[in-house]
Amino acid sequence: MKARVWGCRGSLPAPGPDTVRYGGNTSCVELRVDEDIVIVLDAGSGMRALGRELTAGPARVIHVLLTHLHMDHLQGLAFFLPFWAPDVELHIWGPPSPSYGLSERVAAYVSPPLFPVHLSDVPSRPIFHDVPDEPWMIGSALVAGYPVVHQGPTMGFRLTADGRTLAYLPDHEPSLGVNLRQLEPDWMSGYRVAEGADVLLHDAQYSDHEYESRVGWGHSTIDHAVAFADAAQAGHLVMFHHDPAHSDAELESLLDQARSLGDGGCPPSLAAEGMTIELGSAGVAMDSPSPAETDAPVPD
Amino acid sequence: MDVDKHRSLLLILARELASNLATPMFVVDVHGVLVFYNEAAEKLLGQSFATTGPIGPDQWGGTMFQPEDLDGNPITVNDLPLVDTMRERRPEHARFRITGLDGVKRTIEATSFPLFARVDDLAGAVSVFWEEIG
């Protein structure tokens with residue numbers, strides 16, 4: 001199983017010289033288990049570049065797993081080239097809602113006045129699915145989606161293949177109203193998603209100070225992310241959903257903080273655009289773009 | 001007492017609400033097991049949840065609190081509002097007496113309602129209590 005990060009910014013794309021190393025695109029992760037099937041976690045603005053790459057390859061079956069329908073997780077869908085390809089089999093999975101179907105909720109974005117084309121006129125004719133209660137197979141990957149604490153119906157995804165598990169919780173506030181370090185793990189939101197995962201991509205949007213005025217907004221601090229990863233006994237924590245106001249230097253300072261907080265069992269790292277994560281029988285290998293590749297352009 | 005290792009998000013949220021609430025509150029899972037009661041309920045019942053742990057419906061609805069109607073007749077577990085809520089999947093309200101684990105008899109009002117994760121996916125129920133003072 002190989003994952004590649006195409007966007008890891010939270011809330012709003014944040015391009016610019018301050019965000020070059022970790023990227024400004026919002027949530028999108030490509031996952032490859034089978035040669036002919038692509039799994040895409042979330043449809044943030046990073047999805048645009050992924051679509052460009054996919055059109056050059058043979059992939060004709062694509063499964064997009066939406067954790068929820070906030071704009072930063074959906075805004076790339078209509079700019080994803082396979083969305084406009086009639087010969088692509090495009091499946092879109094998302095959280096069930098008691099009121100409206102997934103296609104109706106996605107159509108609220110892919111239709112006027114927010115978008116010029118109606119969803120019903122999209123050539124790929126996407127097939128929409130509510131995430132089922134029980135795990136299901138996409139190719140040879142076992143996929144499970146479970147509701148987690150955020151604002152509105154939101155899922156965390158757990159994907160297992162080749163004996164390895166990747167957990168994806170980009171928007172998650174498991175600490176709401178509780179102290180994670182005193183709570184039994186089975187009472188934690190998201191525990192079922194992350195328990196024993198080899199790699200956990202988890203919301204780490206705020207500093208402690210920022211969180212004070214954002215309680216209940218659905219996101220985690222660095223401390224929450226580390227405490228959750230430790231409780232879940234994850235193998236690696238990849239800090240995800242970076243705040244759009246955080247520069248590369250600030251993110252690295254938050255990473256230092258994360259390293260000082262954990263119990264040592266789950267080393268943290270920062271998600272970055274272009275980062276690859278390979279999970280296989282040999283273990284987990286993570287590779288981020290080198291600073292030389294990502295250095296900000298020097299202004300004239 | 002066996003309880004589900006992986007809990008519904010609704011039960012997790014209900015427990016978070018209960019643990020921050022000054023009003024006594026019970027949380028039961030889909031099997032009717034009392035999986036949490038808060039500190040305010042501990043005062044009413046006379047024993048902490050940390051001591052009791054999860055409790056099956058026969059125990060919390062019967063021997064534990066000895067519920068009786070206002071005339072002093074015992075109430076069976078099946079007639080308690082929370083059990084009714086689980087069976088009928090609808091809100092219930094009742095006024096009755098209990099004897100706490102501290103031996104004190106109290107008149108309480110209880111309101112219970114089901115927790116549906118979706119339209120028909122019952123995750124459990126909660127019950128909120130008020131002690132009648134005076």
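Below, each value reflects all heavy atoms present in this structure, side chains not excepted, and no hydrogens, waters or symmetry copies.
Residue B:L17: no heavy atom, backbone or side chain, is found under 4.5 Å from chain A. For A:L183, the part sitting under 4.5 Å from any heavy atom of chain B is the side chain, from C-beta outward, and nothing else. Heavy atoms of A:P174 lying under 4.5 Å from chain B belong exclusively to its backbone. When heavy atoms are compared at a cutoff of 4.5 Å, B:L13 approaches chain A solely by way of its side chain, counted from C-beta outward. Both the backbone and the side chain of A:P147 come within contact range of chain B, judged by heavy atoms closer than 4.5 Å.
Between B:R87 and B:D79 there is no salt bridge, since no side-chain N of the basic residue sits under 4.0 Å from a carboxylate O of the acidic one. Ionic pairing of A:D186 and B:R7 is present here: one or more N-O contacts between side-chain nitrogen and carboxylate oxygen are shorter than 4.0 angstrom.
A:H68 and A:H150 have their aromatic ring centers within a separation under 6.0 angstrom.
Of the listed residues (A:S97, A:G190, A:G177), the one with the most heavy-atom contacts under 4.5 Å to chain B is A:G177. When the candidates A:D133, A:V178, A:V149 are compared by the number of heavy-atom contacts under 4.5 Å with chain B, A:D133 comes out ahead.
When each of B:K105, B:R95, B:R97 is paired with B:E132, the salt bridge (Lys or Arg N to Asp or Glu O under 4.0 Å) condition holds for B:R95 and for no other. Under the side chain to side chain contact (heavy atoms under 4.5 Å, CB included) rule, A:L159 has a single partner from A:I39, A:V199, A:L142, A:T165, which is A:I39.
Taking 4.5 Å as the limit, every side-chain heavy atom of A:L12 sits out of range of all side-chain heavy atoms of A:D72.
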